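Encoded as structure tokens, the structure appears first; notes follow it.
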Amino acid sequence: MDQIITRFPPSPSGYLHIGGARTALFNWLYARGNSGKFIFRIEDTDFERSTQASVDAIIEALEWLGIDWDEGPYFQSQRLGLYQEYVQKLIDNGHAYYCNCSKERLDIVRKEATSQGKNPKYDGKCRNLGLKKSDDTAVRIAAPLTGVTVVDDLVKGSVVFQNLELDDFIIQRTNRTPTYNFAVVVDDIAMNVNTIIRGDDHLSNTPKQIILYRAFGSPLPKFGHVPMVLGPDKTRLSKRHGAMSVTAYRDMGYLADALINYLVRLGWSHGDQEFFTRKDLIQKFNLENIGKSAGIFNPEKLTALNAEHIKASQSKDIAKKLIPFLKENGVISNEGLYIEKVIETLKPRSKTLKDMSNQALFYYTEDVTYDIEAAKKFLDSSSLTAIDLLTQEIENRECSSEKDVEDAFKSVVDKTGLKLSKIAQPIRVALTGKTASPGIFEIIDILGKEKVICRLKNAISFIKQK
RNA sequence: GCCCCGUUCGUCUAGUGGUCCAGGACGUCGGAUUCUCAUUCCGAAAAUCAGGGGUUCAACUCCCCUACGGGGUACCA
């Protein structure tokens with residue numbers, strides 16, 4: 001077979017949502033895994049609904065996901081000449097005709113048909129009228145009246161449509177813009193797209209498109225219709241399902257790789273494997289293992305996967321992505337502390353980057369603020385000796401390693417006869433303000449002698465003031 | 001209405017006629033490790049394979065019907 005050429009053709013009427021991203025991903029993965037070409041095209045023939053802001057948003061989302069394209073973005077609005085040319089071809093070879101039926105007449109025809117229990121399709125009035133082009137004419141395809149059109153689908157198998165069910169649909173509007181089915185086919189022919197992977201809401205459009213390919217005498221591409229992504233209520237994804245835009249997930253602190261992993265896995269499988277790196281996916285993704293049924297978007301599983309990807313990431317890579325979140329949290333400068341070590345301690349306990357930055361705050365704060373409950377429970381006179389002793393131990397040591405810190409604690413344990421667990425909690429609250437944090441030794445090691453002593457002394461005076 | 005697609009634990013799924021009284025993951029619930037929280041590790045509950053008919057020695061797997069869900073039926077994409 002020739003080089004595989006796929007494409008992603010969103011219409012710019014909103015942000016890139018989860019479902020669209022998945023479609024883009026499938027096409028991209030398939031191209032990348034088969035040394036193919038991936039084309040990006042903007043379907044903006046509906047001027048009413050298309051906006052530049054949407055175009056920008058979609059590009060931003062794609063770039064964040066790391067989905068790159070080899071050609072494009074092409075804009076259908078800039079290719080009107082091409083469509084005109086192709087319309088003319090069909091007029092010339094007799095596969096299309098001008099139609100001047102008014103919207104009102106069409107409505108009546110449709111209504112009549114339905115009332116008689118027939119299909120609400122165009123009655124073909126202008127098909128043989130030989131109308132000439134004029135201001136009030138649209139162009140319709142002369143579709144086959146009988147027989148059958150079969151879609152040989154990569155995921156659904158062979159799907160048969162009766163041509164009787166189809167009608168002479170419009171390919172060019174009165175305002176000379178192409179309609180969707182027509183523009184896609186023209187572009188896909190012109191761009192040599194030979195593999196079309198898209199949502200299965202397009203399955204019933206496919207026979208129309210096949211009719212167009214035939215009218216042009218062009219070879220058919222391969223079609224693969226993947227099941228859609230549904231909301232928790234099993235209906236089509238929409239705003240009311242909450243955050244559905246790709247960039248919203250970025251802003252919540254999800255890793256692009258995790259989102260990709262989740263999205264691809266929703267509707268595709270590779271045995272029992274759940275965790276995939278981007279490389280894995282490119283290598284292993286195929287069309288054979290795409291499932292047939294719609295999947296429900298499950299944020300919990302995404303989050304779990306995100307936590308796994310965080311754990312599997314290099315701390316230096318996380319650092320770059322974490323800094324914006326820290327800034328948003330009021331951390332002006334992350335200098336003075338080795339951020340990668342901070343991240344190292346937070347990796348096993350972070351679900352998202354946002355989560356991580358929240359947990360990192362105590363490292364960077366000037367003044368520890370104590371949780372009321374935590375202070376009440378652990379910062380009282382009973383813990384004074386331990387804190388005091390530890391302060392001394394730390395002061396008398398280098399504290400240049402975790403081992404050093406551990407020794408300091410051991411010494412306090414020996415002197416007081418208290419269990420480590422009894423000592424650790426008050427210290428933890430003194431250093432972080434909270435009862436839950438990374439390991440106490442590593443915290444002290446990262447914070448450094450100076451800050452630790454300062455925080456311990458603050459805790460001591462806090463207790464004394466009570 | 002008509003046409004098309006789909007239906008395995010709550011969710012994502014494995015399963016392509018016998019190895020399935022159905023496996024994995026998320027979530028849930030126990031337990032172990034532990035300086036807290038996590039992590040990690042063990043374990044449990046959870047699917048009459050939508051229902052009903054066939055075909056077959058044998059069906060989650062093939063065929064038909066029904067129900068339910070989704071999509072299409074536009075001078076939207």
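Predicted model only: the values in this text are computed from it and were never measured.
- For A:Ser269, counting side-chain heavy atoms from C-beta on, the closest listed nucleotide (B:rA77, B:rA14, B:rU8) is B:rA14.
- Heavy atoms of A:Val151 sit nowhere under 4.0 angstrom from any nucleic acid atom.
- Residue A:Thr45 is classed as a sugar-phosphate contact, given heavy-atom separations below 4.0 Å to backbone atoms only.
- Atom NZ of A:Lys347 has more than 12 heavy atoms from other residues, nucleotides or ligands within 6.0 Å.
- Only the P atoms considered, B:rG18 is 31 Å distant from B:rC4, to the nearest whole Å.
- The partner of B:rG6 is B:rC68, by the rule that a Watson-Crick or G-U pair needs both atom distances under 3.5 Å.
- Residue-to-nucleotide proximity on RNA chain B shows that, of A:Asn175 and A:Gly295, the 5′-proximal contact is made by A:Gly295.
- Contact annotation for A:Thr114: no contact, since no heavy-atom pair falls under 4.0 Å across all strands.
- The residue among A:Asn100 and A:Val155 whose nearest nucleotide of RNA chain B is located toward the 5' end is A:Val155.
- Across the P atoms, B:rU66 and B:rG1 are found 13 Å apart, a figure rounded to whole Å.
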Check nucleotides 21-23 of chain B against the protein and report each pair of N or O atoms closer than 3.5 Å, with its distance, or say if there are none.
| from | atom 1 | to | atom 2 | distance (Å) |
| --- | --- | --- | --- | --- |
| B:rG23 | N2 | A:Asp272 | OD1 | 2.9 |

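- Taking a cutoff of 4.0 Å between a charged side-chain nitrogen and a carboxylate oxygen, A:Lys125 and A:Asp168 do not qualify as a salt bridge.
- A:Arg49 is linked by a side chain to side chain donor-acceptor pair (under 3.5 Å) to A:Asp46, counting only residues two or more places apart in sequence or in another chain.
- Scanning both residues, A:Ile210 and A:Val151, for their nearest heavy atoms gives CD1-CG2, 3.9 Å.
- Donor-acceptor pairing under 3.5 Å, judged by distance alone, is present between the side chain of A:Lys301 and the base of B:rC12.
- Applying the salt bridge (Lys or Arg N to Asp or Glu O under 4.0 Å) test to residues at least two apart or on different chains, the pairs with a partner in residues 294-310 of chain A are A:Glu274-A:Lys301.
- Minimum heavy-atom separation, A:Asn27 to A:Ile197: ND2-O, 2.8 Å.
- On the P atoms, B:rU7 is 14 Å away from B:rC64, given to the nearest whole Å.
- With both ends at atom P, the span from B:rC29 to B:rG15 equals 31 Å, rounded to whole Å.
- Smallest separation of non-hydrogen atoms from A:Leu322 and A:Ile343: CD2-CG1, 3.8 Å.
- A:Gly199 comes within 4.0 angstrom of nothing in the nucleic acid, heavy atoms only.
- When every heavy atom of A:Pro438 is checked against every heavy atom of A:Ile443, the shortest pair comes out as O-CD1, 3.3 Å.
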Contact pattern, 5' to 3', of nucleotides 28-37 of chain B - B, S or - by protein heavy atom under 4.0 Å:
-------BBB
Mark up nucleotides 44-49 of chain B, 5' to 3', with B wherever a protein heavy atom is under 4.0 angstrom from a base atom, S wherever such an atom reaches only the sugar-phosphate, and - elsewhere.
------
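- Nucleotides B:rU8 and B:rA50 are separated by 10 Å at their C1' atoms, to the nearest Å.
- Considering only the side chain of A:Lys292, B:rG6 comes nearest among B:rG6, B:rA77, B:rU39.
- Taking only side-chain atoms of A:Ala304, from C-beta outward, the nucleotide of B:rC75, B:rA38, B:rG27 with the closest atom is B:rG27.
- B:rU56 and B:rG17 are spaced 9 Å apart, taking the C1' atom of each and rounding to whole Å.
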Under 3.5 Å, which protein N or O atoms sit close to an N or O of nucleotides 71-74 of chain B? Give each pair with its distance.
| from | atom 1 | to | atom 2 | distance (Å) |
| --- | --- | --- | --- | --- |
| B:rG71 | O2' | A:Asp201 | O | 3.1 |
| B:rG72 | OP1 | A:Arg236 | NH1 | 3.4 |
| B:rG72 | O4' | A:Ser204 | OG | 3.1 |
| B:rA74 | OP2 | A:Arg110 | NE | 3.4 |
| B:rA74 | OP2 | A:Pro120 | O | 3.3 |

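- Across A:Phe40, A:Trp28, A:Phe38, a single residue satisfies ring-ring contact (aromatic ring centres under 6.0 Å, His included) together with A:Trp69, and that is A:Phe40.
- For the pair A:Asp355 and A:Arg349, the tightest heavy-atom approach, listed with the atom from each and the gap, is OD2-O, 3.8 Å.
- Around atom CD of A:Gln52, more than 12 heavy atoms belonging to other residues, nucleotides or ligands sit under 6.0 Å away.
- Contact record, A:Ala258 with A:Leu302: O-CD2, 4.2 Å, taken as the closest heavy-atom pair.
- Comparing the P positions of B:rU39 and B:rA14 gives an interatomic distance of 27 Å, to the nearest angstrom.
- In summary, A:Asp123 and A:Arg105 engage in a salt bridge, as defined by a charged side-chain N under 4.0 Å from a carboxylate O.
- Going from the P atom of B:rU73 to that of B:rG54 covers 40 Å, rounded to whole Å.
- Looking at heavy-atom distances under 4.0 Å, A:Lys347 makes no contact with the nucleic acid at all.
- A centroid separation of 6.0 Å or more is found between the aromatic rings of A:His17 and A:Phe297.
- A side-chain N or O of A:Thr345 and one of A:Tyr363 form a donor-acceptor pair less than 3.5 Å apart.
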